[in-house]
Engineer: 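Structure below; questions to follow.
Note on naming: letters A, B, ... go to the chains in the order of the sequence lines (proteins, then strands), and numbering restarts at 1 for each one.
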Amino acid sequence: DAGITQSPRHKVTETGTPVTLRCHQTENHRYMYWYRQDPGHGLRLIHYSYGVKDTDKGEVSDGYSVSRSKTEDFLLTLESATSSQTSVYFCAISESQGPNYGYTFGSGTRLTVV
Amino acid sequence: AQTVTQSQPEMSVQEAETVTLSCTYDTSENNYYLFWYKQPPSRQMILVIRQEAYKQQNATENRFSVNFQKAAKSFSLKISDSQLGDTAMYFCAFISNNNDMRFGAGTRLTVKP
């Protein structure tokens, strides 16, 4: 197994509530990513991290924040969930940045905002 | 900006036949990799095959092969002897220096018995 886990696997939450998704890796990889998957859009990058406390925005970062206090954990927070954030969220890890470093993906979190 | 386009939202194929999934991309970079990922109903993203842009030889992995046309910026996936277990979403993806991985919208492939 690749050593990346996401929790929870499924979550239903109400509009306006805060939600935190967790990604945990045991590979000691430097780079971690959060993507969201939506029909017709594929996977789009929300935020990524290139080290402890080092993060940057991706293509669809509005309404999301992240934190990385330890190498192994990368948290994605929806401060006030909206129905447009209903999606499947994937975490990915890579050893370094560059085209020859592949990504390993977690199994995803299906989030429903009602 | 790098973009990846998959123009076939859905495709179907009979078991044991061959199917080709299309992908085009846009970039000004010279050093990049292209990937095909498979996503079965389990949701897991499974790497099927990858191609390095500086290699002219097309990558192959058992029943999966690609047709990489660098000048045309085309990267199609051919699945030979299709099996029921090949039913899944297939995503084409691109990555270059100092950039994150970009994905196409996906093609839903159904293999019919």
Engineer: Is any side-chain heavy atom of A:Phe90 closer than 4.5 Å to a side-chain heavy atom of B:Met45?
Structural biologist: yes
Engineer: Just so I know, are the side chains of A:Tyr35 and B:Asp100 near enough to count as touching, which here means a heavy-atom distance under 4.5 Å?
Structural biologist: yes
Engineer: So which atom in B:Ala105 and which in A:Gly40 form the shortest heavy-atom distance, rounded to 0.1 Å?
Structural biologist: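 So the two residues come closest at CB-O, 3.4 Å.
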Engineer: Below 4.5 Å from any heavy atom of chain B, which atoms of A:Arg110 appear? Answer side chain, backbone, both or neither.
Structural biologist: both
Engineer: At a heavy-atom separation under 4.5 Å, does B:Phe94 approach chain A through its side chain, its backbone, both, or neither?
Structural biologist: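 Neither part.
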Engineer: Is the shortest heavy-atom distance from the side chain of B:Ile95 to the side chain of A:Tyr103 under 4.5 Å?
Structural biologist: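 They are in contact (side-chain heavy atoms under 4.5 Å apart), so the answer is yes.
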Engineer: Between B:Gln39 and A:Gln37, is there a side-chain heavy-atom distance shorter than 4.5 Å?
Structural biologist: yes
Engineer: Anything in residues 11-18 of chain A with a heavy-atom distance to chain B below 4.5 Å? Please list those residues in order.
Structural biologist: none
Engineer: Could you look at A:Leu43 and say if it's the side chain, the backbone, both or neither that has a heavy atom under 4.5 Å from chain B?
Structural biologist: both
Engineer: For atom NZ of B:Lys73, decide whether the heavy atoms of other residues, nucleotides or ligands shown that lie under 6.0 angstrom number more than 12.
Structural biologist: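 Yes, NZ of B:Lys73 has more than 12 neighbouring heavy atoms, counting only those of other groups under 6.0 Å.
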Engineer: When clusters are formed by joining ILVMFWY residues with side-chain heavy atoms under 4.5 Å apart, either directly or through shared neighbours, do B:Leu109 and B:Leu84 land in the same one?
Structural biologist: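 Shared cluster, yes.
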Engineer: Linking I/L/V/M/F/W/Y whenever their side-chain heavy atoms sit closer than 4.5 Å, directly or via other members, would A:Leu75 and A:Tyr48 fall into one cluster?
Structural biologist: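 Shared cluster, no.
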Engineer: Among pairs that include at least one residue of residues 55-78 of chain A, which meet salt bridge (Lys or Arg N to Asp or Glu O under 4.0 Å), considering only residues two or more places apart or in two chains?
Structural biologist: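 Passing the test, one end in residues 55-78 of chain A: A:Arg22-A:Asp73, A:Lys70-A:Asp73.
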Engineer: Any heavy-atom pair between the side chains of B:Arg43 and A:Phe105 that's under 4.5 Å?
Structural biologist: no
